[in-house]
Number of protein chains: 2
Amino acid sequence: MAETIRTIPTKAQLMERLADSFSGYYGDFSLAAADAGLSASQAKTLGVLRTAPASMRALATTLACDASNITGIVDRLEKRELVRREVSPTDRRVKNVVLTTAGEETVDAIRARMHTTHAALDALDDADRAVLHDLLGRVFCGARGPRSAT
Amino acid sequence: MAETIRTIPTKAQLMERLADSFSGYYGDFSLAAADAGLSASQAKTLGVLRTAPASMRALATTLACDASNITGIVDRLEKRELVRREVSPTDRRVKNVVLTTAGEETVDAIRARMHTTHAALDALDDADRAVLHDLLGRVFCGARGPRSAT
DNA sequence: TCTATTGCTTGAGATGCTCAAGCAACGCCG
DNA sequence: CGGCGTTGCTTGAGCATCTCAAGCAATAGA
């Protein structure tokens with residue numbers, strides 16, 4: 001990989017870049033979701049569940065909205081059999097929302113249809129992709145940096 | 001900066017990381033917007049306008065939604081004097097939406113209140129921030145890579 | 001047990017969103 | 001010039017999303 005020369009961005013520039021990036025990603029995402037006949041909120045919810053099942057409460061926290069909101073979204077997803085409510089065995093108040101097989105396929109199909117994002121990622125080489133994956137993990141997922149060979 | 005060792009993520013892993021990252025960003029963003037008394041859509045619209053004024057049509061394209069949708073959002077933003085409609089001098093059909101000073105301050109205030117994101121960015125050093133800024137630009141803004149010193 | 005808390009749902013009211021329809025301004029072409 | 005298709009925005013209908021307040025069932029703690 002080449003040594004690169006960059007100017008250091010200010011914090012405000014970086015925030016603006018994040019906002020622009022998010023805007024671009026979200027546009028691509030919601031168009032892909034619409035292709036699958038889903039709203040952005042529904043697709044976002046499916047996406048969260050792709051990693052692991054979650055309770056209604058956990059979904060509300062992750063999506064930063066009121067729990068009553070999740071009730072309606074999950075109602076509609078359940079009606080389409082993309083998702084299933086399962087009463088928690090350890091706490092009968094809790095309902096765990098689980099993706100059905102059709103639900104998993106839908107998430108994958110939506111991600112596959114994000115043509116703009118895919119094309120952009122294709123323009124990166126493996127090393128850049130690795131760096132991006134790592135940096136995003138550290139910023140948004142609280143991951144530690146990779147092993148350092150200093 | 002240290003030489004680092006990373007494993008190469010698959011495309012699917014990278015897509016999932018992007019989804020998680022934007023989920024995290026969106027949560028932080030919409031909480032900050034709510035602090036300012038704005039919905040996520042309203043705040044997103046203001047954010048787009050922070051870079052430059054745009055016509056209703058351009059906003060609809062950028063936000064990947066119907067133009068009639070923008071009418072309502074801009075109506076409400078205008079009612080709060082965060083935004084102004086200006087008839088284009090070159091095409092009287094077109095209305096350019098421009099941020100007021102209060103609007104600019106609101107965007108900046110929202111970005112400043114994104115504590116989770118700020119804290120995460122603070123954990124990066126300057127070099128990492130530069131790399132992140134560059135990679136996001138190449139993926140989502142169609143920017144070319146930085147000058148290479150290979 | 002009694003009580004406070006937690007997880008989910010319901011209903012009301014505002015906003016977001018898409019579609020179809022409509023008006024005004026533009027552009028082109030005869 | 002005059003006609004005519006196109007474009008930019010708005011309106012209205014209909015449903016989804018979202019917040020808030022209220023309510024019920026199950027849990028946890030005293």
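Order of the sequence lines fixes the chain letters, A, B, ..., with proteins taken first and strands second; residue numbering starts at 1 for each chain.
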What do the steps show when you test B/Leu38 against B/Leu77 for side-chain contact (heavy atoms from CB on, under 4.5 Å), and what is the final call?
CA-CA 9 Å; B/Leu38 293 177; B/Leu77 290 175; 4.3 Å; yes
Rounding to a whole Å, what distance do you find between [X]:[atom1] and [N]:[atom2]?
X: B/Leu38; N: D/dC18; atom1: CG; atom2: P; value: 16 Å
X: B/Asn96; N: D/dC9; atom1: CG; atom2: C1'; value: 13 Å
X: A/Leu59; N: C/dC8; atom1: CG; atom2: C1'; value: 12 Å
X: B/Arg93; N: C/dG22; atom1: CZ; atom2: C1'; value: 15 Å
X: A/Met56; N: D/dA26; atom1: CE; atom2: C1'; value: 16 Å
X: B/Asp75; N: C/dA14; atom1: CG; atom2: P; value: 16 Å
X: A/Glu78; N: D/dA16; atom1: CD; atom2: P; value: 16 Å
X: B/Ile70; N: C/dC19; atom1: CD1; atom2: P; value: 14 Å

Provide the closest heavy-atom pair for B/Val98 versus B/Pro53 in the form atom of the first, atom of the second, distance.
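For B/Val98 and B/Pro53, the tightest heavy-atom pair comes out as CG2-CB, 4.1 Å.
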The side chain of [X] lies closest to which of these nucleotides: [options]?
X: B/Gln42; options: C/dT15, D/dC9, C/dC17; value: C/dT15
X: A/Asp66; options: D/dC20, C/dT18, D/dT17; value: D/dC20
X: A/Lys95; options: D/dG8, C/dC8, D/dT10; value: C/dC8
X: A/Ser41; options: D/dC18, D/dG8, C/dC8; value: D/dC18
X: B/Asp91; options: D/dC18, D/dT10, C/dA25; value: C/dA25
X: A/Cys65; options: D/dC18, D/dT17, C/dT15; value: D/dC18

Rounded to the nearest 0.5 Å, how far apart are CZ of A/Arg129 and CG of A/Leu124?
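Rounded to the nearest 0.5 Å, the CZ-CG separation comes to 6.0 Å.
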For B/Ile73, answer base if it contacts any base atom (sugar-phosphate contacts may also be present), sugar-phosphate if it contacts only those atoms, and nothing otherwise; contact means non-hydrogen atoms under 4.0 Å.
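The answer is sugar-phosphate, as B/Ile73 gets under 4.0 Å only of primed atoms, P, OP1 or OP2.
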Set out, in order, the CA-CA distance, both residues' side-chain angles and the distance that settles salt bridge (charged side-chain N to carboxylate O under 4.0 Å, His left out) for B/Glu78 and B/Arg85, then state yes or no.
CA-CA 8 Å; B/Glu78 201 170 27; B/Arg85 276 175 169 98; 2.7 Å; yes
Just to confirm, is there a sub-4.0 Å distance from OP1 or OP2 of [N] to any side-chain nitrogen or oxygen of [X]?
X: B/Ser39; N: D/dC18; value: no
X: B/Arg76; N: C/dG16; value: yes
X: B/Lys44; N: C/dG16; value: no
X: B/Asn69; N: C/dT18; value: yes
X: A/Arg57; N: C/dT5; value: no
X: A/Arg92; N: C/dG7; value: no
X: B/Thr71; N: D/dT11; value: no

Mind telling me whether B/Tyr25 and A/Phe22 have parallel, tilted or perpendicular rings, with 30° and 60° as the class edges?
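Answer is tilted, since the angle falls between 30° and 60°.
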Classify the side chain of A/Ser68 versus the base of D/dC20 as yes if they form a donor-acceptor pair under 3.5 Å and no if they do not.
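Side chain to base: pair found, below 3.5 Å.
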Among all residues two or more places apart in sequence or in another chain, which pass the ring pair (Phe, Tyr, Trp, His ring centres under 6.0 Å) test with B/Phe29?
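Ring pair (Phe, Tyr, Trp, His ring centres under 6.0 Å) list for B/Phe29, sorted by chain: empty.
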